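For reference, positions follow the sequence shown, starting with 1. Here the structure is a predicted model, which means the values were calculated and not measured.
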Amino acid sequence: MKEIIVNQASDGQKIEKFVRKYLSEAPLGFIYKSFRKKDIKINGHWVKKDAIVHAGDAVRIYVTDQQLEDFKKPRPVTAKPFPYPIAYEDDDVLIVDKPKGILTYGDKTGVRETLGNAVLDYLYMEGKYDPSNASFTPSPAHRLDRNTSGLICYGLTDAGLKELTDLFKTRQGVSKYYLALVKGRFDHPTGRIDIPLGKDANSGRAFPLSLDKGGKAAVTEYAVEKEVGDFSLVKVHLLTGRTHQIRIHFASIGHPLLGDDKYGDFALNRLIKERTGLDYQFLHAYRLEFGTLHGALSGLSGKVIESKLPDSLAKVIDLLS
C-alpha cells in the first residue's frame, strides 16, 4: 500500500487523473480494476473514479511494492537554474522565453534537451516540484515549433494548467502576437487571411483544405511593421491555433516566411542564408495580452507580456535593410 498526501498543485483533480499521473506507467485496465476492487481510497474511504481530491487529503493506493516500482517511474530531474529568460511567474503560471532550436516537448529519441525538462529542473531546484511525490507534472498549455522562438505558458498546478489550456483553446481572454519576416511587399498595410487548413498525419504538413472536405477554420490577421528592402516585417495576430498556421497562411498568399524549410521559397532561402546566415524560419512569438481573468489566472489579469526579438533575427533585419 502507498499513501500520498495531496499537495496544493493537485487540489481539485479527479482521483482518476491523480492516480493515472502518479502511476504513470500503469495500464488503464489496471487502474480501472483498482477502482472496482476498492483498492483506492481518500481519507480512508473508498471512492469512485470521479471523486475530487483536495490539498491535504490522504490517498491510499493498494499495490504491491513490485507494482509500484513497475508503474511509477519518476522523471529524472537535476536541480538547475533556468537557462532562459523568465517573463512571468506566480504560484500557478510560468511564462518563459524559448530560444530557437529547443523542443517544447520530448521527441521519440528521448532527448533530454527540451524546454519542458529545463522547466522541471528549475522547479525542482526551487522546491516547487518533487517527481518522487508528484501526481501532477507542470506542463505547457500550448507549443512552439523547434525553430520558433518566444513566449510559452506553463501551468504549475492542475488548476493553472486547465485554465490556461481552456484560455488558449477558446481564445477568450488572451491574444497572441508574432513577428515574421516574409517575402515581398504588401499592397495594403493590414490584412486578414481566412483559409481553412488540414493536416497530413504522417508528414505533419499543413495544407489549405476547405471546410466541406474536413478542413478546420484558420484565421490570421497581420499588420506591416516595416519594409525591409524587398521584404516585409509583419506583426501577426492569431485568431485560431492550427499547426503551422502562420507559415502555411503566408505561403498561401505568396509571402512565405524567410528561412522556412517546409513551406518557403527554397531558392530565396539559399540566397538569404548566404547573405545573413539565417537557416530557420523567421518567426518570433513576442507578445501576450491578457484580458480580465479570475481564479488561478487572476495574477495575469490585464497584463501584457513581451519578449525582445532575438539578436540573431535583429541582425537579419539589419543586413537586409
(message) Give me the atom names and distance for the closest heavy-atom approach of Ile40 to Ser34.
(response) CD1-CB, 3.8 Å
(request) Flag the pair Leu320 / Leu258 as yes when at least one side-chain heavy-atom distance between them is below 4.5 Å, and no otherwise. (result) yes
(message) Test of understanding: clusters of I, L, V, M, F, W, Y form through side-chain heavy atoms closer than 4.5 Å, transitively. Do Leu268 and Val234 belong to the same one?
(response) no
(message) Contact between Leu156 and Asp91 at the side-chain level, heavy atoms closer than 4.5 Å - yes or no?
(response) no
(message) Do Phe18 and Ile15 make a side-chain contact, defined as non-hydrogen atoms from C-beta onward lying under 4.5 Å apart?
(response) yes
(message) Any side-chain to backbone donor/acceptor pair from Lys226 onto Leu233? Under 3.5 Å, distance only.
(response) no
(message) Rounded to the nearest 0.5 Å, what separates atom CG in Leu300 from atom CG in Asp90?
(response) 6.0 Å
(message) Consider side-chain contact (heavy atoms from CB on, under 4.5 Å). Of Leu120, Leu144, Ile102, which one does Leu115 pass it with?
(response) Ile102
(message) Test your reading of the model: is there a side-chain donor-acceptor pair from Thr220 to the backbone of Ile246, 3.5 Å cut-off?
(response) no
(message) Side-chain heavy atoms nearer than 4.5 Å, only ILVMFWY residues, links allowed to pass through others: does that put Leu309 and Ile305 together?
(response) no
(request) Verify whether one side chain among Tyr280 and Ser312 offers a donor that lies under 3.5 Å from an acceptor in the other. (result) yes
(request) Report the residues that fulfil ring-ring contact (aromatic ring centres under 6.0 Å, His included) with Phe207, sequence neighbours left out, ordered by chain and then residue number. (result) none
(request) Report yes if the side chains of Ser10 and Asp158 come closer than 4.5 Å at any heavy-atom pair, otherwise no. (result) no
(request) Spell out, as yes or no, whether a donor-acceptor pair under 3.5 Å connects the side chain of His284 to the backbone of Lys100. (result) no
(message) Measuring only between side-chain heavy atoms, which start at C-beta, is Lys315 closer than 4.5 Å to Thr276?
(response) no
(message) To check you understand the geometry: which heavy-atom pair defines the closest contact between Phe282 and Leu313, and what is its length?
(response) CE1-O, 3.3 Å
(request) Determine, step by step, whether Phe168 and Leu288 satisfy the side chain to side chain contact (heavy atoms under 4.5 Å, CB included) criterion, reporting the C-alpha distance in whole Å, the side-chain angles of both residues, the deciding distance to 0.1 Å, and the verdict. (result) CA-CA 11 Å; Phe168 285 106; Leu288 290 168; 4.2 Å; yes
(request) Look at the rings of Phe186 and His255 and say which category their plane angle falls in: under 30° parallel, 30 to 60° tilted, over 60° perpendicular. (result) parallel
(request) Output the distance between atom CG (Leu164) and atom CG (Leu94), rounded to the nearest 0.5 Å. (result) 10.5 Å
(message) Can you classify the ring geometry of Phe82 versus Tyr84 as parallel (below 30°), tilted (30 to 60°) or perpendicular (above 60°)?
(response) perpendicular
(message) Quick one, Arg192 with Leu239, criterion side chain to side chain contact (heavy atoms under 4.5 Å, CB included). Give me CA distance, side-chain angles, the key distance, then yes/no.
(response) CA-CA 10 Å; Arg192 178 184 175 99; Leu239 275 69; 3.8 Å; yes
(request) Following the transitive rule for hydrophobic clusters with a side-chain heavy-atom cut-off under 4.5 Å over Ile, Leu, Val, Met, Phe, Trp and Tyr, establish whether Leu181 and Val236 coincide in one cluster. (result) no
(request) Determine the minimum heavy-atom distance between Glu163 and Ala296, stating which atoms define it. (result) OE1-N, 3.1 Å
(message) Taking Gly184's backbone N and O only, do any of them form a donor-acceptor pair with Ser232's side chain (distance below 3.5 Å, no angle check)?
(response) yes
(message) Could you walk me through whether Thr137 and Lys21 satisfy the side chain to side chain contact (heavy atoms under 4.5 Å, CB included) test, starting with their C-alpha distance in whole Å, then the side-chain angles of each, then the deciding distance to 0.1 Å, before giving a yes or no?
(response) CA-CA 8 Å; Thr137 302; Lys21 288 189 174 182; 5.9 Å; no
(request) Carefully, step by step, assess Leu197 and Gln245 under the rule side chain to side chain contact (heavy atoms under 4.5 Å, CB included). (result) CA-CA 8 Å; Leu197 299 177; Gln245 177 175 320; 4.3 Å; yes
(message) Which heavy atom of Ala218 sits nearest to which heavy atom of Thr240, and what is that distance?
(response) CA-OG1, 3.2 Å
(message) Side-chain heavy atoms nearer than 4.5 Å, only ILVMFWY residues, links allowed to pass through others: does that put Tyr286 and Ile152 together?
(response) no
(message) Any side-chain to backbone donor/acceptor pair from Tyr124 onto Pro131? Under 3.5 Å, distance only.
(response) no
(message) Which heavy atom of Gly198 sits nearest to which heavy atom of Leu209, and what is that distance?
(response) N-CB, 3.7 Å
(request) Check whether any side-chain heavy atom of Tyr154 lies under 4.5 Å from a side-chain heavy atom of Leu123, and answer yes or no. (result) no
(request) Using a 4.5 Å cut-off on heavy atoms from C-beta on, say whether the side chain of His244 contacts that of Arg205. (result) no
(message) Has Arg185 got a side-chain atom pairing as donor or acceptor with Glu227's backbone, closer than 3.5 angstrom?
(response) no
(request) Please round to the nearest 0.5 Å and tell me the distance separating atom CG of Leu293 and atom NZ of Lys303. (result) 11.0 Å
(message) Please check this pair: side chain of Thr114 against backbone of Leu103, looking for a donor-acceptor N/O pair closer than 3.5 Å.
(response) no
(message) Quick check on the hydrophobic clustering: are Ile31 and Val6 connected, directly or via other members, by side-chain heavy-atom contacts under 4.5 Å?
(response) yes
(message) Using modelled atom types and a 3.5 Å cut-off, is there a donor and acceptor pairing between side-chain atoms of Trp46 and backbone atoms of Phe35?
(response) yes
(request) Quick one: pull up NE2 in His142 and OG1 in Thr165 and give me the separation to the nearest 0.5 Å. (result) 9.0 Å
(message) On a heavy-atom basis, which atom in Asp261 and which in Phe266 lie closest, and how many Å separate them?
(response) O-CE2, 3.5 Å
(message) Looking at Lys235, I'd like to know if its NZ atom is crowded, meaning that more than 12 non-hydrogen atoms belonging to other residues, nucleotides or ligands lie closer than 6.0 Å.
(response) yes
(request) Count the heavy atoms belonging to other residues, nucleotides or ligands that lie under 6.0 Å from NZ of Lys262, then report whether that count exceeds 12. (result) yes
(message) Please check: side-chain N/O of Asp11 versus main-chain N/O of Ala55, any donor-acceptor pairing under 3.5 Å?
(response) yes
(request) Would you check, one step at a time, whether the test side chain to side chain donor-acceptor pair (under 3.5 Å) holds for Glu16 with Tyr32? (result) CA-CA 8 Å; Glu16 177 192 345; Tyr32 293 152; 3.0 Å; yes
(message) Measuring from atom NZ of Lys41 to atom CE of Met1, what distance do you get when rounded to the nearest 0.5 angstrom?
(response) 9.5 Å
(request) Mind checking the OH-CE spacing from Tyr122 to Met125? Nearest 0.5 Å is all I need. (result) 6.5 Å
(request) Look at the side chain of His249 and the backbone N and O of Ile195, then say whether any donor-acceptor pair between them is shorter than 3.5 Å. (result) yes
(request) List for me each residue that meets salt bridge (Lys or Arg N to Asp or Glu O under 4.0 Å) alongside Asp92, sequence neighbours excluded, and say none if there are none. (result) none
(message) So Glu89 and Lys128, do their side chains get closer than 4.5 Å, heavy atoms only?
(response) yes
(message) For Gln281 and Thr148, which I'm curious about, is there any donor-acceptor pair between the side chains at under 3.5 Å?
(response) yes
